[in-house]
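Worksheet: the structure to be examined is printed underneath.
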There are 2 protein chains.
Amino acid sequence: MSRNPTPTSDPCCTPLTGAAMSAGEAERIAPLLKALADPVRLRLVSLIAAGGAGEACVCDLNEAFDLTQATISHHLKVLHTAGVLDREKRGVWVYYAVRPEALRSVATLFGTAALTPA
Amino acid sequence: MSRNPTPTSDPCCTPLTGAAMSAGEAERIAPLLKALADPVRLRLVSLIAAGGAGEACVCDLNEAFDLTQATISHHLKVLHTAGVLDREKRGVWVYYAVRPEALRSVATLFGTAALTPA
DNA sequence: TCGGGACATCGACACTTGTCGATGCCCCGA
DNA sequence: TCGGGGCATCGACAAGTGTCGATGTCCCGA
């Protein structure tokens, strides 16, 4: 619809059409990044990952923030829904664990990108 | 927060697994991830990075999406403000280039994290 | 059996964000 | 000098997001 009628032949630069990331790929990865793009959730993942076995109890996470328990629970749900965290209930307590595959996806995406020297 | 659009001073480059991330550190990195956490912006960065010299003209980027020129301009501004893209005007056209440091920050952050289970 | 503690969910609120059409600014070519 | 094209900005709108207090659900110990 809004295709530019090419004001002058051969405008400025390289084609770059049909390049690296497809639209579908971008739509698949963006939610993962969106889940991680929050200071509280970044710290949550960091706290869980820094814990001994890569997991942490919600009761401990609650005490690390100046936020309501409902808010922390919400953030943990967002991370879990995005596939960043695993959830396991043990008796009264709930433990969240980091899913390495999720972080590996992001690392791969930007790792290769950062190494392209131009 | 009227920050200079070129935060060259040591971005993040801190492991996600070592010690827990501080609140200030999380607040500093989250905007970078937030800028990248959008399908359109991910494709924009990908297109720019895939171009020959790691840069691209806005006129070409406009044609790669089914969005208004104003919307693309907005997304480019977000990426530029976050320090992901560099902006350079050449005559009538404007070229955006990827800042490798920005992507390297993200790669470092999640790269070490993905290697955890060892 | 009953009470209480640990999490999740709900409803509500202010704030942010993605998108658009319209308009303004700047640079070049005629 | 003037007209036009490339890009940014403005104002507006709907949709999404972070946060809270209140409430619900489940499980254990007394």
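So you know, we letter chains A, B, ... as the sequences are listed, proteins then strands, and number each from 1. For the numbers below, each heavy atom of this structure counts, side chains included, while hydrogens, waters and symmetry mates do not.
In this structure, CG on Leu85(B) lies 8.0 Å from NE2 on His80(B), to the nearest 0.5 angstrom. Between atom SG of residue Cys57(A) and atom OH of residue Tyr95(A) there is a gap of 5.0 Å, rounded to the nearest 0.5 Å. Rounding to the nearest 0.5 angstrom, the gap separating the CE atom in Met21(A) from the CD atom in Glu27(A) is 11.5 Å. Distance check, rounded to the nearest 0.5 Å: CG of Leu61(B) to CG of Leu67(B) gives 12.0 Å.
Across the protein-nucleic acid pair, Trp93(A) atom CH2 and dA8(C) atom P stand 15 Å apart, rounded to whole Å. Distance Asp38(A) CG to dG18(D) P: 5 Å, rounded to the nearest Å. The distance from atom NZ of Lys34(A) to atom C1' of dA15(D) is 11 Å, rounded to the nearest whole Å. Atom CZ of Arg41(B) and atom C1' of dT19(C) are 12 Å apart (whole Å). In this structure, Ile72(A) places its CD1 atom 12 Å from P of dG18(D), rounding to the nearest Å. When rounded to the nearest whole Å, the span between CG of Leu85(A) and C1' of dC7(C) equals 15 Å. Rounded to whole Å, atom P of dA6(C) lies 14 Å from atom CG of Leu61(A). If you measure from atom CG of Leu44(B) to atom C1' of dT19(C), you get 14 Å, rounded to the nearest angstrom.
Put simply, Ile29(A) and Val78(A) are part of two different groups of oily side chains (I, L, V, M, F, W, Y) that touch within less than 4.5 Å, one to the next.
In this model, the phosphate group of dC7(C) is not approached by any side-chain N or O of Tyr95(A) to a distance below 4.0 Å at OP1 or OP2.
Screening Leu47(B), Leu79(B), Val58(B), Asp86(B) for a side chain to side chain contact (heavy atoms under 4.5 Å, CB included) involving Tyr96(B) leaves a single residue, Val58(B).
Contacts between residues 74-83 of chain A and DNA chain D, defined by a heavy-atom separation under 4.0 Å, are made by His74(A), His75(A).
By the side-chain contact (heavy atoms from CB on, under 4.5 Å) test, Ala82(A) is found to be paired with Ala35(A), Val84(A), residues two or more places apart in sequence or in another chain being considered. A search for side-chain contact (heavy atoms from CB on, under 4.5 Å) contacts involving Arg28(A) returns Glu25(A), not counting sequence neighbours.
Contacts of Phe65(A) with the nucleic acid, taken as non-hydrogen atoms under 4.0 Å apart, are absent.
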Reading 5' to 3' through nucleotides 20-30 of chain C, protein heavy-atom contacts under 4.0 Å coded B for base, S for sugar-phosphate only, - for none: BBB---SSS--
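Applying the side-chain hydrogen bond (donor to acceptor under 3.5 Å, both in side chains) test to residues at least two apart or on different chains, the pairs with a partner in residues 54-78 of chain A are Arg41(A)-His75(A), Glu55(A)-Arg90(A).
Ranking dC7(D), dG18(D), dC7(C) by closeness to the Arg87(A) side chain, first place goes to dC7(C).
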